[in-house]
Amino acid sequence: MKKILLSCFALSMLLSSCSQKEMASGVSKKDMDTLVNPGDDFDAYVNGNWNKTTKIPADKASYGAFDMLLDKSEKDVKAIIEEAAKGNNAEGTDAQKIGDFFASYMDRKERDAIGLKPLEKEFAAVDAITDYNSLASYFGEANRKGYSIPFSFTVYNDFKDPNKYSLVTWQGGISLPDRDYYLSNDEAMLKIRNAYKIHLEKMLQLAGITNPAENAAKVFALETEIAKIHQRKEDNRDMVKLYNPYKVEDFKSLMPQFNWNAMMEKAGVAKEKSAIIAQVDYLKNLDGLIQKTPIDTWKTFLKWGILNNSCTYLTSELDKQQFEFNGKILNGTEKQREDWKRGVATVSNGLGEMIGKLYVEKHFTPEAKERMTKMVKNLLKAYAESIKKLDWMSEATKKEALKKVDKFVVKIGYPDKWKDYSSVKINKKDLFGNVQRATEFEYNRNLAKLGKPVDKTEWGMTPQTVNAYYNPTVNEIVFPAAILQPPFFDLEADDAINYGGIGAVIGHEIGHGFDDQGSTFDGDGVMKNWWTEKDMAAFKAKTAALIEQYNSFEALPGLHVNGAFTLGENIGDLGGLSIAIKAYKESLNGKEAPILDGFTGIQRVFLGWGKVWKEKMRDEALRNQVSADPHSPAKFRVNGTVRNIPEFYEAFNIKPNNKLYLAPDKRVKIW
């Protein structure tokens, strides 16, 4: 779906129940620009007037349907927090933890009075590094605390045996969004790099680090060397190439000079016998880089990692400077978000399911969860019917694909069991410590999974998150409560608009099970090739055509969408809307759809799709998205999807002279 990363919904049970009363069309006519031909720019046709009249709020890098819903979620969570903070709550209760965590964020006076004291202990641990062995040991400590290091250990479901957890390594060590920010000669990237160098120096100076200019240059130079050996983001989409199991005794073949034992001991994973090495070549190249870089340079690099991770929880001065670069330069944001919004996000990050439990009690009913579950099943049925009729896939591969559809796990609204935060201590006067203890809790909770069966009831998002996702190792689609609201899903609106909104998003998440990554896993979440050789070749030919289409989209002058990097999301969008249209047609049961507000049913499905992706974005944020986010910009999610769907041409009378027109043999249909 959106940011993360990550990626909801459809309809006949609900829609048939709604059809007994006259429904609103759900079409936002005031947002439309009907002077635009839908065949030239469907996004502008659906959202043109909204784009003309809407100003991006000063504290946002972008603004659209997701952001509107996020604003509502933030206000809802704020009310929960404020309610929890009332009265004298007993130590250790949920109310005390939620209320005091939030209060510790909001108390600027106390945070400024504490100043840089929380860094003293952290910096002392870095200063204790004397050689490359103790450097490796510190990497393990930093791994626990979430500080920036060249590579990290984490815990994830094993790709080949998804019923067990495995230790996994992942590359790191850079502060800018992607390696291209360090290496590209694009003029905009050069400006960002120069601004980053200035920012580094100012931050080191504010943190009391000596010789800030000289040390900033050393940090930037080291990050640049790390960026040079980073595996490219496009290659990180290849799940098969990321799965490289190594026994611990063989780690030396990757990094013979590195003290693996020291790092693993401090990271708390010394008992593990193996790990999955995600980026093998990166680690091989990193070994020499570690050794040739002076210890003092590493120490400054590590202090910067601590500072960069922690500054927003320290002084107002550090927080302001961080925003000057991360907010203004990287994303074009004009104004820092209000403290209460940032406090809500901080508490929600640290005690997410504790708040989530209260959130669903107020904003999501069991009846809604049951209804949504039935809706998703309806889309799965439509997906299965579509697979059966594919003309490019053999019966053998179809059989396996249908097995996968049948085995999808559906999670709606909130988890069946909640995390236990009883061990987390929260102090009203210690924001830095609260964040550290919440981080440590989550780290230890993940470590405790090793050696145990995979908990398939676990959620990767909180209920108050405005997003959704697919997890290939569980073959699950997950839709948190907060996204199950207008404009994605509106109980008061006609069926068609909901099929184009929430229905297409459900289809999108299902589609991730069959995108370039998800298609490498079977219905049980096992990484396995379930394709015939001929079918895989046909699949790659279709995805190659989609890559080429999106490569042609120019987000900013000279800046094109990366079709390979965004492929999974583009497949999800195309399949999602296509299947939503199929499900909508089937829901009519042979009856003619009503014309509402002058639009046919199929037209309203497309309008629903365009409506949920309305978004305005600052140029800086758009560049950031294209460089580091696997989702295409919203405009291209709308236009790039509809031009491949035959019903679009019929519904809006699209002709060869229209800008979005694709000849039938150029249109991509995968699922």
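The model shown is predicted, which means the values in this text are computed figures rather than measured ones. Numbering starts at 1 and runs along the sequence shown.
With respect to the salt-bridge test (charged N to carboxylate O, under 4.0 angstrom), the residues E395 and K399 do not qualify.
Residue L660 comes nearest to P38 through the heavy atom pair CD1-O, 3.7 Å, listed as atom of the first residue, atom of the second, then distance. M393 approaches K398 most closely through the heavy-atom pair O-CE, 3.3 Å. Here the shortest heavy-atom pairing between S587 and Y584 reads OG-O, 2.6 Å. Taking every heavy atom of both residues into account, S28 and K611 meet most closely at OG-CD, 3.5 Å. For the residue pair S394 and T532, the shortest heavy atom distance occurs at OG-CG2, 3.7 Å. Taking each heavy atom of I654 and G39 in turn, the nearest pair found is CD1-CA, 3.3 Å.
Between W613 and F66, a ring centre-to-centre spacing shorter than 6.0 Å is recorded. Remark: aromatic rings of F514 and Y383 are close, center separation under 6.0 Å. Within the 6.0 Å centre-distance limit, the rings of F606 and F648 are counted as a close aromatic pair.
Counting only distance, with no hydrogens or angles, the side chain of N475 and the backbone of G513 share no donor-acceptor pair below 3.5 Å. In this structure, W530 contributes its side chain and S519 its backbone to a donor-acceptor pair below 3.5 Å. In terms of modelled atom types and a separation under 3.5 Å, the side chain of K411 and the main chain of W459 share no donor-acceptor contact. Side-chain N or O atoms of H508 include none that pairs as donor or acceptor with a backbone N or O of L574 at under 3.5 Å. For S386 (side chain) and A382 (main-chain N/O), no donor-acceptor pair under 3.5 Å exists by modelled atom type. Judged by distance alone, the side chain of D490 and the main-chain N or O of P487 form no donor-acceptor pair under 3.5 Å. When atom types are taken as modelled, the side chain of Q517 and the backbone of R237 share a donor-acceptor pair closer than 3.5 angstrom. Under a 3.5 Å cut-off, the side chain of T397 and the backbone N or O of W531 do not form any donor-acceptor pair. No donor-acceptor distance shorter than 3.5 angstrom exists from the side chain of Y414 to the backbone of T462, with no hydrogens or angles considered. In this structure, S578 contributes its side chain and G575 its backbone to no donor-acceptor pair below 3.5 Å.
For the atom pair CG (L380) and CD1 (I579), the distance works out to 10.5 Å, reported to the nearest 0.5 Å. Atoms NZ and CG, from K233 and D180 in turn, are 4.0 Å apart once rounded to the nearest 0.5 Å. Atom NZ of K247 sits about 11.5 Å away from atom NZ of K273, to the nearest 0.5 Å.
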**OP:** Start with the C-alpha distance between L607 and F599, add both sets of side-chain angles, then the distance that settles side chain to side chain contact (heavy atoms under 4.5 Å, CB included), and finish with yes or no.
**Re:** CA-CA 9 Å; L607 293 174; F599 296 102; 3.8 Å; yes
Original post:
Yes or no on side chain to side chain contact (heavy atoms under 4.5 Å, CB included) for F521 and M239, after CA distance, side-chain angles and deciding distance?
Top reply: CA-CA 9 Å; F521 293 81; M239 305 295 275; 4.0 Å; yes
**OP:** For side-chain hydrogen bond (donor to acceptor under 3.5 Å, both in side chains), just list the numbers for D158 and Y243, CA-CA rounded to whole Å, side-chain angles, deciding distance to a tenth of an Å, and then say yes or no.
**Re:** CA-CA 9 Å; D158 191 285; Y243 187 78; 2.8 Å; yes
Original post:
Hey, mind stepping through E647 and K585 against salt bridge (Lys or Arg N to Asp or Glu O under 4.0 Å) and telling me if it holds?
Top reply: CA-CA 11 Å; E647 288 88 347; K585 288 179 178 179; 2.9 Å; yes
**OP:** Take K407 and D522, measure what salt bridge (Lys or Arg N to Asp or Glu O under 4.0 Å) needs, and give me the verdict at the end.
**Re:** CA-CA 9 Å; K407 291 182 177 182; D522 69 10; over 6 Å; no
Original post:
When you look at V376 and V410, which way does the side chain to side chain contact (heavy atoms under 4.5 Å, CB included) test go after all the steps?
Top reply: CA-CA 8 Å; V376 177; V410 179; 3.8 Å; yes
Original post:
Do K635 and D41 pass the salt bridge (Lys or Arg N to Asp or Glu O under 4.0 Å) test, and can you show the C-alpha distance, the side-chain angles, and the key distance before you say yes or no?
Top reply: CA-CA 9 Å; K635 175 180 179 178; D41 187 342; 3.8 Å; yes
Subject >> Trace of the salt bridge (Lys or Arg N to Asp or Glu O under 4.0 Å) decision for E458 with R445 >> reply: CA-CA 12 Å; E458 186 177 20; R445 192 184 70 82; 2.7 Å; yes
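Remark: the N236 side chain and the Q279 side chain contain an N/O donor-acceptor pair separated by less than 3.5 Å. In this structure, a donor-acceptor pair under 3.5 Å is present between the side chains of N644 and Q549. With 3.5 Å as the limit, one finds a donor-acceptor pair spanning the side chains of N446 and K449.
Other residues, nucleotides and ligands contribute over 12 non-hydrogen atoms within 6.0 Å of the NZ atom of K669. Within 6.0 Å of the CG atom in D416, the count of heavy atoms belonging to other residues, nucleotides or ligands does not exceed 12. Remark: K456 NZ is packed, more than 12 non-hydrogen atoms of other residues, nucleotides or ligands lying under 6.0 Å away.
Here the rule is side-chain contact (heavy atoms from CB on, under 4.5 Å) with T566, and of I571, L546, V561 only V561 fits it.
Under the 6.0 Å distance and 45° angle rule, R637 does not count as a cation-pi partner of Y550.
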